[in-house]
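Just so it is clear: chains get the letters A, B, ... in the order the sequence lines come, proteins before strands, and each one is counted from 1.
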Protein chains: 2
Amino acid sequence: MNYKIKSRIWIEADNNILLGEGRVRLLKAIEKTGSLSKAAKSLNISYKKAWNLVDSVNKSAKKPVTKSNIGGVGGGGAKLTSYGKDLVIFFDEINKGCWKYLDQELEKIPDL
Amino acid sequence: MNYKIKSRIWIEADNNILLGEGRVRLLKAIEKTGSLSKAAKSLNISYKKAWNLVDSVNKSAKKPVTKSNIGGVGGGGAKLTSYGKDLVIFFDEINKGCWKYLDQELEKIPDL
DNA sequence: CGTCGTTATATCCATACGAATATAACGATA
DNA sequence: TATCGTTATATTCGTATGGATATAACGACG
């Protein structure tokens with residue numbers, strides 16, 4: 001029986017969630033696919049859920065995180081702003097650092 | 001608009017959760033009140049939920065975390081084993097350290 | 001100007017989760 | 001042996017969350 005320590009981190013702006021693991025995963029998928037609907041499909045979540053998440057992210061952020069186009073060739077699409085890309089990078093770094101810290105701490109407990 | 005970073009950590013044993021924030025809160029309440037039902041009341045959770053949590057903790061742990069007595073004067077009660085007390089202390093320390101780490105990291109982001 | 005695939009939005013429904021409730025078993029004590 | 005408050009357990013019910021579905025608006029392009 002091997003114990004693992006896990007975590008979820010998120011950033012809040014007065015009770016609204018700005019970023020969490022799911023939101024960052026979605027932002028990455030948008031960056032990769034260039035479309036919210038394709039991003040949702042690739043993550044196996046409903047378009048509705050994806051749309052709500054992105055909407056919430058943008059409402060919580062000081063500057064736009066995504067930029068979307070409706071209509072046009074291909075129907076439109078969505079992509080990250082450079083601010084959005086920075087947020088993803090920051091979040092990932094903090095998250096990885098957190099995992100590392102926690103693993104170190106768990107090691108210190110001898111007789112768990 | 002002030003951003004805060006939050007976290008939840010938990011310890012798993014092959015897909016079963018051993019400890020999380022809620023479980024630790026409950027264990028502390030058991031320690032304080034000497035009874036599972038009183039602990040549940042003090043935390044405003046149902047007895048059922050509390051019982052399920054404690055049951056899950058004990059099933060995931062290598063050694064008993066709580067010790068309960070049925071019947072007798074006062075009807076019985078529950079308390080932590082010394083192993084259980086140790087777990088609570090370990091968890092709290094790691095959790096506090098995690099918060100500290102995350103707050104430090106968030107500070108480093110200048111233009112969030 | 002018709003086509004196309006996307007964004008944006010509303011509505012309905014199933015499912016899971018917790019709250020509430022009920023009750024049996026228990027054992028120290030008076 | 002009757003009492004008491006607790007542990008342990010099952011069952012029912014309401015609600016909230018997400019999934020599925022439908023549809024309007026949009027704009028670049030052939």
Side-chain angles (χ1 to χ4, degrees), chain A residues 8 10 12 15-17 19-61 63-81 83-84, chain B residues 8 10 12 15-17 19-61 63-81 83-84:
Chain A
R8 277 292 143 87
W10 67 95
E12 283 188 11
N15 291 336
N16 299 317
I17 296 180
L19 289 179
E21 284 191 25
R23 288 159 195 246
V24 165
R25 202 158 36 226
L26 178 59
L27 293 179
K28 285 179 185 171
I30 290 173
E31 195 175 18
K32 183 186 278 182
T33 61
S35 136
L36 182 53
S37 68
K38 282 183 194 135
K41 259 183 209 122
S42 77
L43 296 180
N44 275 328
I45 62 176
S46 65
Y47 178 82
K48 175 195 176 189
K49 181 173 180 183
W51 188 86
N52 281 334
L53 284 174
V54 169
D55 185 53
S56 166
V57 167
N58 280 313
K59 278 183 181 151
S60 308
K63 295 186 274 183
V65 173
T66 64
K67 169 87 179 63
S68 61
N69 295 317
I70 309 179
V73 63
K79 54 184 180 177
L80 300 194
T81 62
Y83 180 60
Chain B
R8 278 292 144 87
W10 66 96
E12 282 187 11
N15 291 337
N16 298 318
I17 296 180
L19 288 180
E21 285 193 23
R23 288 159 195 245
V24 165
R25 203 158 34 227
L26 178 58
L27 293 180
K28 284 179 185 172
I30 290 173
E31 196 176 16
K32 183 186 279 185
T33 62
S35 136
L36 181 53
S37 67
K38 282 186 193 133
K41 261 184 208 122
S42 77
L43 296 181
N44 275 328
I45 63 176
S46 66
Y47 178 82
K48 177 195 175 191
K49 181 173 179 184
W51 188 86
N52 281 335
L53 285 174
V54 168
D55 186 53
S56 167
V57 167
N58 279 313
K59 278 182 181 151
S60 309
K63 294 185 273 181
V65 173
T66 64
K67 171 86 178 63
S68 59
N69 295 316
I70 311 178
V73 61
K79 54 184 182 178
L80 300 194
T81 63
Y83 180 61

To the nearest angstrom, how far is [X] atom [atom1] from [N] atom [atom2]?
X: Asn44(B); N: dG18(C); atom1: CG; atom2: P; value: 16 Å
X: Trp51(B); N: dG18(C); atom1: CH2; atom2: P; value: 15 Å
X: Lys48(A); N: dC13(C); atom1: NZ; atom2: C1'; value: 11 Å
X: Asn69(B); N: dC4(D); atom1: CG; atom2: C1'; value: 16 Å
X: Lys49(B); N: dG18(C); atom1: NZ; atom2: C1'; value: 7 Å
X: Ile45(B); N: dT21(C); atom1: CD1; atom2: P; value: 17 Å
X: Leu36(A); N: dT9(C); atom1: CG; atom2: P; value: 12 Å
X: Lys41(A); N: dG19(D); atom1: NZ; atom2: C1'; value: 15 Å

Check your understanding: When you measure from the side chain of Ile70(B), which nucleotide among dT6(D), dT9(C), dA28(C) comes out closest?
Key ->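 Ranking dT6(D), dT9(C), dA28(C) by closest atom to the Ile70(B) side chain puts dT6(D) first.
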Review point. Does dT7(C) have OP1 or OP2 sitting under 4.0 Å from an N or O in the side chain of Ser37(A)?
Key: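 For dT7(C), OP1/OP2 do have a side-chain N/O of Ser37(A) under 4.0 Å.
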Point to revise | Phosphate-side-chain proximity, Ser68(A) and dT6(C), N/O vs OP1/OP2 below 4.0 Å | key: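 No, because none of the side-chain N or O atoms of Ser68(A) sits under 4.0 Å from OP1 or OP2 of dT6(C).
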**Study point:** Exam field: side chain Arg25(A) to backbone Leu43(A), donor-acceptor pair closer than 3.5 Å
**Key:**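 Checked: no pair found.
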Practice item. Output, in order, the C-alpha distance, side-chain angles, deciding distance and verdict of side-chain hydrogen bond (donor to acceptor under 3.5 Å, both in side chains) for Thr66(A) and Asn58(A). Key: CA-CA 7 Å; Thr66(A) 64; Asn58(A) 280 313; 2.9 Å; yes
